[in-house]
Structures are given as structure tokens and as C-alpha cells.
Amino acid sequence: MPGKALVLVALLAAGCSATPPPAFTAALTSPTDVVLSWPDDGAGHRVEYANDPDGPWTTLRFLPAHTTGYHHPDLIPQTRFYYRVQPFTGPVTTDLHTVVSGDTVTFTWADHSPDEAGFLLEMRRPGAPEFDPVEVTDPDVTTCTLSLLPGEEGSAYRLRTLHYGPLSPVVHQTTGKER
């Protein structure tokens, strides 16, 4: 592979680093706002934060596949925040049953997977192009109930068997003073 070696030597001679850019970053975009970014790996992601690098960790959001960032706004000034993301995947099941009663929807399904990390209920609101994660269950749970908000009547639902990938490295930012 002499061609690749020559390209690397040329990049190094030009002052370029052979180190790839970080896969997961946290940037302070205002004194109290942090924006997280990561490359598109085709998976959904669970975003977590903590105030200590060893936790305890709190889930901020489950984000759909192909989402490559998250905005964590209005944070406590002059505080260190630690972040990590974890990809998730899993097949969508066709075995989802719904019962609507007023502004409540109850979902039931059969558990066909012996090793899931849980189940992820996703909703596509009327007029929305994509499904968004709205509820996560523990493993072996086969029912959940969701209260609908105004405008969510007539939504479409799907259920995903949840499998997690490896956790990202931990990144952090310290917020600034309030303006």
C-alpha cells in the first residue's frame, strides 16, 4: 500500500494530523447551553448526562436514527455537565395492539426476544415525517399506557425491540456565568 503511505506523509508534511476528528463532542453555545454532536452511524441514540463523571446518569432523551446532535438548554450557571451517548437498534414489531380510551392509549404486545434491553414505543404525530421515541420499557414488559397531548389524536405508533450498542466516551462542559 505505498500510495496510502505517500498520502499520509504528504498530509503530515502539510501540517495535517492523521488523527480523525472526535466522534462525540460537547460545545458551549451560550453561557448556559450545551450542544452535543456525533457522526451519523444509522442508529438511534440515548443521550445521558451527569454532574460527576462516574454518575449517576440521567437519560435526557432517546433520539431517532440519523439524528446527530442534541441541544441541552438553560443549564445551571457555572456547573460542570458530563455527557455520553449510546446507540440503540432493534427491529420494529408488527405485533402491537392499541386500545384508545379518551385521551389515553394502552399498548400490548408479545415478547418474542429473549435478550432485549427493553422496548421502545415510537409515535408519528399527524403531519410529522418521522417517528419519535416516546416511551421506553424494561425487558420482558409487554404493556404500557400513554396519555395523549392535544394534537396527538390520530398519531401512528410502532414498537421497537431495544438493543444497546457501546457507550461513547464521556465528554464535558462547564457552563458560564448568567448574562
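Because the structure is a prediction, the values reported are computed rather than measured. These values consider heavy atoms only, across backbone and side chains, with no hydrogens, waters or symmetry-generated copies.
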**Prompt:** Taking side chain as C-beta onward, heavy atoms only, is Pro139 less than 4.5 Å from Glu116?
**Reply:** yes
**Prompt:** Taking the six-membered ring for Trp, are Phe88 and Tyr164 parallel (under 30°), tilted (30 to 60°) or perpendicular (over 60°)?
**Reply:** perpendicular
**Message:** Nearest 0.5 Å, please: how far is CD in Glu48 from CZ in Arg46?
**Reply:** 4.0 Å
**Prompt:** Which distance, rounded to the nearest 0.5 Å, do you find between the OH of Tyr70 and the OG of Ser37?
**Reply:** 13.5 Å
**Request:** Any side-chain hydrogen bond (donor to acceptor under 3.5 Å, both in side chains) involving residues 90-103? Give me the pairs, sequence neighbours left out, ordered by first then second residue.
**Result:** Asp95-His97, Asp95-His112
**Prompt:** Do you know the tightest heavy-atom contact between Asp52 and Trp57?
**Reply:** O-CZ2, 4.4 Å
**Message:** Going by the rule ring-ring contact (aromatic ring centres under 6.0 Å, His included), which residues pair with Phe107 if we only count those two or more places apart in sequence or in a different chain?
**Reply:** Tyr157
**Fill in**
Tightest non-hydrogen contact, residues Phe24 and Arg84, listed as CE2-CA, 3.6 Å
**Request:** Please state whether the rings of Phe81 and Tyr83 are parallel, tilted or perpendicular, taking 30° and 60° as the class boundaries.
**Result:** parallel
**Asked** Taking atom CZ of Arg125 and atom OG of Ser155, what is their separation to the nearest 0.5 Å?
**Response** 6.5 Å
**Request:** Check Trp109 against Leu96 and note the closest heavy-atom contact, atom names and distance.
**Result:** CE3-CD1, 4.0 Å
**Prompt:** Once you round to the nearest 0.5 Å, how far does OH of Tyr49 lie from OG1 of Thr58?
**Reply:** 4.5 Å
**Item:** Considering all heavy atoms, the nearest Leu121-Cys144 contact
**Value:** CD2-SG, 4.0 Å
**Prompt:** Do you know which two heavy atoms are closest between Gly55 and Ala50, and how far apart they sit?
**Reply:** CA-CB, 3.9 Å
**Complete:** Rounded to the nearest 0.5 Å, the NE2 atom of His72 sits from the OG1 atom of Thr32 at a distance of 10.5 Å
**Message:** The test is salt bridge (Lys or Arg N to Asp or Glu O under 4.0 Å); show your working for Glu130 and Arg124 and say whether it passes.
**Reply:** CA-CA 6 Å; Glu130 302 291 329; Arg124 186 176 63 219; over 6 Å; no
**Request:** Please check if the side chain of Thr175 supplies one atom and the backbone of Thr79 the other of a donor-acceptor pair under 3.5 Å.
**Result:** yes
**Request:** May I ask you to test the Leu28-Asp33 pair for a side-chain heavy-atom distance under 4.5 Å?
**Result:** no
**Item:** Minimum-distance pair of heavy atoms, taken over all atoms of Arg80 and Asn51
**Value:** O-ND2, 3.2 Å
**Prompt:** Are Thr106 and Thr143 close enough that some pair of their side-chain heavy atoms sits under 4.5 Å apart?
**Reply:** yes
**Asked** Is a donor on one side and an acceptor on the other found under 3.5 Å between the side chain of Glu152 and the backbone of Pro150?
**Response** no
**Complete:** To the nearest 0.5 Å, atom OG1 of Thr137 lies from atom CG of Asp111 at 8.5 Å
